[in-house]
Amino acid sequence: MFDGPEPIYLQIAQMIRAQVLAGELAEEEQVMSTTQFATTFRINPATAAKAFAGLVDEGVLYKRRGLGMFVAPGARERLLAEHRARFFDEVLDPALAQADLLDIPAAQIVEHVLGRPRPAGPGTGDAPRTGPTTDPNPR
């Protein structure tokens, strides 16, 4: 399961972040204990504890004394905000810079984005789009 190039504790933290983002772990929901995690995934409990400690520092998890670790209130919203900011910085801004080099007008980019089919469901913001629409406030 944990076969990526990153240290296992970072992979564990990323897995839990992804579960929170996807809504698989809700606010105030208890997560597996470090012992359960270590047993389930056959890893050292200290590795799981390091991942959890990092998530506590980030505000994704918090500890209830004697009860275990829980998803922090607002964790999903914080993660969404961080991922959205990173998306603009790492994906969209470079793509827009490339569009400028290719002399692609902003209106054509907006038309393309609004006209592409989107799957309905969590994280899409709305129902699938079926054709081009006009945005009254293009960028």
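Scope of the values below: all heavy atoms of this structure, side chains included, with no hydrogens, waters or symmetry mates.
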Would you please name every residue forming a salt bridge (charged side-chain N to carboxylate O under 4.0 Å, His left out) with E27, sequence neighbours left out? none
Passes side-chain contact (heavy atoms from CB on, under 4.5 Å), L55 versus I12? Steps please. CA-CA 10 Å; L55 292 168; I12 293 168; 5.8 Å; no
Mind listing the closest non-hydrogen atom pair of G59 and A75 along with its distance? O-CB, 4.1 Å
How far apart are the closest heavy atoms of A72 and R78, and which atoms are they?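 A72 and R78 have their closest heavy atoms at CB-NH2, 3.8 Å.
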Between [X] and [Y], is there a shared hydrophobic cluster once you connect ILVMFWY residues whose side-chain heavy atoms come closer than 4.5 Å?
| X | Y | value |
| --- | --- | --- |
| M32 | L21 | yes |
| V31 | I8 | yes |
| L101 | V91 | no |

Can you tell me how far the [atom1] atom of [X] sits from the [atom2] atom of [Y], to the nearest 0.5 Å?
| X | Y | atom1 | atom2 | value |
| --- | --- | --- | --- | --- |
| Q30 | L25 | CD | CG | 11.0 Å |
| E90 | L92 | CD | CG | 12.0 Å |
| I16 | M69 | CD1 | CE | 9.0 Å |

Contacts table for residues 42-54: side-chain donor-acceptor under 3.5 angstrom, sequence neighbours left out:
| from | atom 1 | to | atom 2 | distance (Å) |
| --- | --- | --- | --- | --- |
| N44 | OD1 | A46 | N | 2.7 |

In the hydrophobic cluster built from side-chain contacts under 4.5 Å, what are the other members alongside L67? Y62, F70
Partner residues of F41 under the ring pair (Phe, Tyr, Trp, His ring centres under 6.0 Å) criterion, sequence neighbours left out: F2, F37
Salt bridge or not between R84 and E77? Use side-chain N to carboxylate O under 4.0 Å. no
Atom NE2 of H83: over 12 foreign heavy atoms under 6.0 Å: yes
Sequence neighbours excluded, every pair satisfying side chain to side chain donor-acceptor pair (under 3.5 Å) that has a member inside residues 8-21: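 Every side chain to side chain donor-acceptor pair (under 3.5 Å) pair that includes a residue of residues 8-21, provided the two are not neighbours, is Q14-R17, R17-E58.
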Salt bridge (charged side-chain N to carboxylate O under 4.0 Å, His left out) contacts in which one or both residues fall within residues 95-110, not counting sequence neighbours: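 Counting only pairs at least two positions apart or across chains, no salt bridge (charged side-chain N to carboxylate O under 4.0 Å, His left out) contact touches residues 95-110.
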Side-chain touch E29/E24, heavy atoms, less than 4.5 angstrom: no
Side-chain contact test, heavy atoms from C-beta onward, threshold under 4.5 Å: evaluate it for L96 versus I109 and give yes or no. yes
